[in-house]
Each structure stands twice: as structure tokens, then as C-alpha cells.
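Structure first, commentary second.
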Amino acid sequence: MQVWGIVVAAGSGVRFGRPKHLVELDGVPLWQRAADALAPVCEGVLVVGDVPEGVPGGPRRRDSVAAGLARVPDGVDAVLVHDAARPLASTVLARRVLGRLATGDADGVIPAVAVRDTLKRIDGGIVVDTVDRTPLVAVQTPQAFRLDALMAAHRASRDDATDDAQLLEWDDRRVVIVDGEPTNLKITYPDDLLVATSLLAKARA
């Protein structure tokens with residue numbers, strides 16, 4: 001497969017307090033770490049956001065992905081879509097999702113880890129039910145897609161989505177999972193950066 005990568009780095013970082021893709025982890029911006037994880041398995045990597053040579057993003061995550069898709073050259077078979085907010089994802093994980101996509105029986109492949117916490121359903125601050133977590137997983141990026149399937153899913157719906165896999169689900173396409181990485185932390189709050197720094201130091205020890 002000919003593969004290109006798209007790194008989404010256009011968020012405003014409201015919960016973080018500033019655009020987090022520009023924040024550095026051990027001296028390297030988060031967007032650069034995300035792009036570096038994809039580079040060994042991609043013909044090219046597009047970064048969507050306010051970065052050097054970046055593609056201008058859109059108001060929603062899906063709009064930013066669409067902006068990246070519009071720049072993917074002809075002849076590409078698959079794309080890896082990755083969030084700049086996940087700077088610890090490994091190239092091994094990128095290879096894993098692409099390897100599963102290459103088997104040909106799915107339109108999308110997403111990494112996931114088991115849900116560890118007890119989950120409660122609430123109504124107005126009152127617990128009404130404990131949710132069975134057995135069939136639930138927490139989803140990560142990078143996610144791999146057949147390019148034609150992802151572009152078709154984007155055309156099929158204009159609604160917002162939390163990730164591109166959701167667009168494929170709405171378009172009745174097959175999405176499967178592979179094992180994610182417990183260390184593939186999403187940077188959402190400032191304290192998450194401290195955890196990421198610790199994980200990075202541990203990995204190098």
C-alpha cells in the first residue's frame with residue numbers, strides 16, 4: 001500500500017489553556033513527535049494546523065482531517081490519521097494498524113485499550129446505573145483507513161464526529177480494532193504533560 005499520514009494539530013487547546021500542539025515535550029513540539037511516529041511508514045505526512053508548512057485547519061476536527069485529505073496526492077491507497085495530542089504513540093503502533101488494514105477485510109482499523117474504571121450512568125448528578133464495561137474500549141490514534149472509504153464517509157455526513165472511525169460507522173463500513181498502547185496518553189490538561197514526561201523518561205531508562 002502507498003500510505004500518507006495526516007496529523008491533526010489545529011485545536012485551540014481550551015482545556016489545556018493554550019494550543020497544546022505547540023507545547024514541547026523534552027524539547028520537541030507535540031505535533032512533531034506525532035508526525036515523527038508516522039514518517040517511517042508513510043510516503044509523506046501532512047500536518048494540519050499552525051505549524052511550519054502546515055495545512056490550514058477547520059473549525060471542527062473532522063474539517064481539519066478533510067483539509068488534510070484534500071492535499072493527499074493521487075495514487076494513495078491508505079491514510080493514517082493521528083492526533084498531535086498523542087505524542088507518545090509509537091511507530092510500532094502505526095505499523096500494527098496498517099498491517100491489519102492490509103489484510104483487506106476492513107475499511108478502518110483503530111487501536112484500543114480496555115476500559116479500566118468502573119463506569120456509571122448519571123441523571124442530574126444522581127447515579128442511575130452501573131455500565132457493563134466488558135464490551136467497551138477506549139480508542140486511540142493513529143487510525144488507519146482505506147482512502148476511498150474515508151473520503152466517501154466524509155462526503156456521506158456533515159455531522160460532527162469525535163473521530164474518523166465514527167464517520168465510517170455511520171456510513172455502514174467495517175471498522176476493526178487492534179491492541180493500543182497503555183502509554184499512548186492523550187494530552188488534554190497541563191498535568192498530562194507531566195505524566196508524558198515521566199513516561200518518556202521511563203522508556204529511555
Side-chain angles (χ1 to χ4, degrees), residues 6-21 23 30 34 58-66 80-90 92-94 96-97 100-101 103 105-146 149-150 152-199 202:
I6 297 173
V7 174
V8 184
S12 59
V14 173
R15 289 175 291 183
F16 192 83
R18 56 186 167 127
K20 57 192 172 186
H21 63 277
V23 173
L30 300 191
R60 304 175 299 177
R61 183 187 185 279
R62 63 159 297 162
D63 299 323
S64 293
V65 174
L80 279 169
V81 180
H82 190 25
D83 292 332
R86 291 188 182 273
L88 298 182
S90 71
V92 171
L93 182 59
R96 187 180 304 151
V97 293
R100 181 65 180 84
L101 187 70
T103 63
D105 64 343
D107 297 303
V109 180
I110 61 178
V113 294
V115 176
R116 299 179 179 183
D117 298 326
T118 297
L119 303 176
K120 302 286 186 180
R121 184 177 290 108
I122 61 173
D123 183 4
I126 299 173
V127 174
V128 296
D129 187 25
T130 298
V131 179
D132 179 11
R133 66 188 179 193
T134 304
L136 303 178
V137 293
V139 173
Q140 305 175 340
T141 65
Q143 301 179 352
F145 304 98
R146 284 181 33 231
L150 182 57
H154 270 261
R155 291 191 297 266
S157 173
R158 299 309 306 165
D159 293 333
D160 200 6
T162 56
D163 68 358
D164 292 271
Q166 187 173 20
L167 295 176
L168 266 71
E169 294 162 33
W170 291 340
D171 202 32
D172 294 324
R173 295 180 180 272
R174 190 166 191 248
V175 179
V176 299
I177 68 168
V178 296
D179 288 339
E181 295 174 331
T183 56
N184 188 8
L185 174 72
K186 183 177 181 181
I187 306 298
T188 303
Y189 301 101
D191 284 351
D192 294 331
L193 196 62
L194 299 176
V195 177
T197 301
S198 177
L199 289 171
K202 184 177 180 180

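A search for side chain to side chain contact (heavy atoms under 4.5 Å, CB included) contacts involving T130 returns T118, K120, not counting sequence neighbours. Listed by chain and residue number, nothing satisfies the salt bridge (charged side-chain N to carboxylate O under 4.0 Å, His left out) test with R133 (two or more places apart in sequence, or in another chain). In this structure, the side-chain hydrogen bond (donor to acceptor under 3.5 Å, both in side chains) partners of D63, at least two apart in sequence or on a different chain, are R60. Taking the side-chain hydrogen bond (donor to acceptor under 3.5 Å, both in side chains) definition, one finds that S90 meets it with E181, sequence neighbours left out. With sequence neighbours left out, T103 forms a side chain to side chain contact (heavy atoms under 4.5 Å, CB included) with R100, D105. Every residue two or more places apart in sequence or in another chain that forms a side-chain hydrogen bond (donor to acceptor under 3.5 Å, both in side chains) with D129 is listed here: R121. Not counting sequence neighbours, S198 has no partner by the side-chain hydrogen bond (donor to acceptor under 3.5 Å, both in side chains) test. Here D179 pairs with R96 under the side chain to side chain contact (heavy atoms under 4.5 Å, CB included) rule; sequence neighbours left out. Not counting sequence neighbours, the partners of A34 by the side chain to side chain contact (heavy atoms under 4.5 Å, CB included) test are V7, H82.
Contact detail for V137 and I177: the closest heavy-atom pair is CG1-CD1, 4.5 Å. L168 and L150 get closest at one heavy-atom pair: CD1-CD1, 3.7 Å. The minimum heavy-atom distance linking L80 with V97 is given by the pair CD2-CG2, 3.5 Å. Taking every heavy atom of both residues into account, G180 and P111 meet most closely at CA-CB, 3.8 Å. Summarising the geometry of A165 relative to Q143, their closest heavy-atom pair is N-OE1, 3.7 Å, with the distance given to 0.1 Å. The minimum heavy-atom distance linking L167 with A161 is given by the pair CD2-CB, 3.8 Å.
Among pairs with a residue in residues 107-118, those fulfilling salt bridge (Lys or Arg N to Asp or Glu O under 4.0 Å) read D107-R146, at least two apart in sequence or across chains. Within the structure, salt bridge (Lys or Arg N to Asp or Glu O under 4.0 Å) contacts touching residues 162-171 (residues at least two apart or in different chains) are R61-D164, D171-R173.
Between the side chain of T141 and the main chain of D83, a donor-acceptor pair closer than 3.5 Å is present. For the pair R86 (side chain) and P142 (backbone), a donor-acceptor distance under 3.5 Å is absent.
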Side-chain donor/acceptor pairs under 3.5 Å, residues 187-194, sequence neighbours excluded:
| from | atom 1 | to | atom 2 | distance (Å) |
| --- | --- | --- | --- | --- |
| D192 | OD2 | T188 | N | 2.9 |
| D192 | OD2 | Y189 | N | 2.8 |

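Within the 4.5 Å cutoff, the side chain of L93 has heavy atoms near those of the Q140 side chain.
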